[in-house]
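Beneath this line is the structure, given in structure tokens, with notes to follow.
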Amino acid sequence: MDDRPDPMRDSATYLMFELMRLARRTSVRMFPGRLRLPHMLVLACVARLGPMSQREVAAELRMDPGDLVGIVDALEEAGHVSRRRDPEDRRRYALDATEDGRLALGEALADREQLNEVLFEPLSPDEVRLFKDLILRVLAHHDTRFGAPGPCPPGHDTRAETGGRGSHAGR
């Protein structure tokens with residue numbers, strides 16, 4: 001066995017990557033066949049802000065529109081979202097969460113709470129809060145979606161940051 005220190009263990013990005021892999025494996029083991037995180041993110045976005053176009057969802061979630069297609073197809077096939085012609089622009093489709101989708105989202109959110117309990121079991125509640133606060137601070141530095149919750153300050157235009165839509169647009 002090699003006793004040399006692993007330089008990757010000093011990399012916060014590597015450790016974050018490994019934590020996400022652990023979260024994915026644990027989630028699949030605990031909740032087989034349930035919504036995966038990318039599906040949950042899209043469904044939550046549409047449930048909260050919909051009806052909205054796929055382009056708007058991609059902009060809101062900072063997701064590649066090509067990656068979104070398969071996720072929306074799977075959500076539609078499962079009956080979690082509906083895709084209808086947008087009455088404001090008949091050339092595009094508007095996505096909206098169905099009642100089944102909202103129920104599935106509620107179950108998925110409960111699953112995530114249980115997953116968090118399992119993953120962060122070695123940490124105290126104060127340590128978990130600190131961990132989340134540190135992650136949010138890093139994210140907020142790079143992405144306005146993770147800043148302080150609440151309405152946008154007067155004069156703050158998020159359209160440039162969200163591909164043309166304000167991130168706090170009322171729907």
Side-chain angles (χ1 to χ4, degrees), residues 1-50 52 56-65 67-68 70-72 74-75 78 80-81 95 97-153 156 158 161-163 165-169 171:
M1 183 163 167
D2 193 348
D3 289 335
R4 292 179 292 177
D6 182 356
M8 295 301 289
R9 288 183 63 130
D10 288 334
S11 169
T13 53
Y14 167 71
L15 295 174
M16 187 171 46
F17 174 76
E18 287 295 339
L19 184 59
M20 283 306 305
R21 287 177 42 175
L22 173 65
R24 190 176 313 119
R25 284 191 314 268
T26 306
S27 177
V28 167
R29 181 178 43 79
M30 288 176 66
F31 310 109
R34 293 278 185 88
L35 286 176
R36 291 185 6 242
L37 189 57
H39 297 82
M40 189 175 151
L41 290 172
V42 171
L43 183 55
C45 179
V46 172
R48 186 171 53 93
L49 300 173
M52 58 197 307
E56 290 172 324
V57 173
E60 183 71 25
L61 296 176
R62 312 292 202 274
M63 185 179 275
D64 183 282
D67 294 339
L68 185 63
I71 294 170
V72 171
L75 288 169
H80 297 321
V81 297
L95 303 175
T98 64
E99 187 60 31
D100 283 348
R102 291 178 191 282
L103 292 171
L105 180 59
E107 291 172 5
L109 291 170
D111 291 348
R112 295 300 145 199
E113 284 300 314
Q114 193 176 354
L115 178 64
N116 287 338
E117 290 172 15
V118 169
L119 288 176
F120 299 108
E121 183 179 12
L123 302 179
S124 72
D126 286 340
E127 289 171 325
V128 172
R129 269 191 297 283
L130 175 61
F131 183 69
K132 289 191 305 189
D133 289 346
L134 293 172
I135 292 170
L136 282 169
R137 188 180 334 158
V138 170
L139 288 170
H141 179 78
H142 298 282
D143 187 334
T144 57
R145 294 175 301 154
F146 295 96
C152 291
H156 181 76
T158 59
E161 299 155 359
T162 60
R165 259 187 83 253
S167 63
H168 298 283
R171 293 222 176 242

Checklist outcome for this item: Looking only at heavy atoms, the pair that brings L68 and A58 closest together is CD2-N, 3.7 Å

Item to check | Rounded distance (nearest 0.5 Å) linking atom CD of E60 with atom CZ of R48 | outcome: 5.5 Å

Checklist entry - V42 versus M63: any side-chain heavy-atom pair under 4.5 Å? => result yes

Checklist entry - Would R34 and S27 satisfy side chain to side chain donor-acceptor pair (under 3.5 Å), going step by step from the backbone distance to the final call? => result CA-CA 9 Å; R34 293 278 185 88; S27 177; over 6 Å; no

Checklist entry - For H39, which of I71, V72, V81 qualifies under side chain to side chain contact (heavy atoms under 4.5 Å, CB included)? => result I71

Checklist outcome for this item: Taking every heavy atom of E127 against every heavy atom of S124, the minimum-distance pair comes out as OE1-N, 2.7 Å

Checklist entry - Which value, rounded to the nearest 0.5 Å, describes the distance between R112 atom CZ and L35 atom CG? => result 8.0 Å

Checklist entry - To the nearest 0.5 Å, how far apart are CG in L37 and CG in L115? => result 9.5 Å

Item to check | L75 to L43 - nearest heavy-atom pair and separation | outcome: CD1-N, 4.1 Å

Item to check | Side-chain heavy atoms of L22 within contact of R25, under 4.5 Å | outcome: yes

Checklist entry - At their closest point, which heavy atom of A97 faces which heavy atom of V46, and how far apart are they? => result N-CG1, 3.4 Å

Checklist outcome for this item: Output for pair (T26 OG1, Q114 CD), nearest 0.5 Å, gives 12.0 Å

Checklist entry - Can you tell me how far the CD atom of E107 sits from the CG atom of L105, to the nearest 0.5 Å? => result 10.0 Å

Item to check | Pair R21 + E18: basic N to acidic O under 4.0 Å | outcome: yes

Checklist entry - What are the two closest heavy atoms between F120 and V128, and how far apart are they? => result CB-CG2, 3.9 Å

Checklist entry - If you take all heavy atoms of R145 and D143, which pair is closest and at what distance? => result NH2-OD2, 2.6 Å

Next on the checklist: So, taking the atom named OH in Y14 and the one named CZ in R9, what distance separates them when rounded to the nearest 0.5 Å?
Outcome noted: 8.5 Å

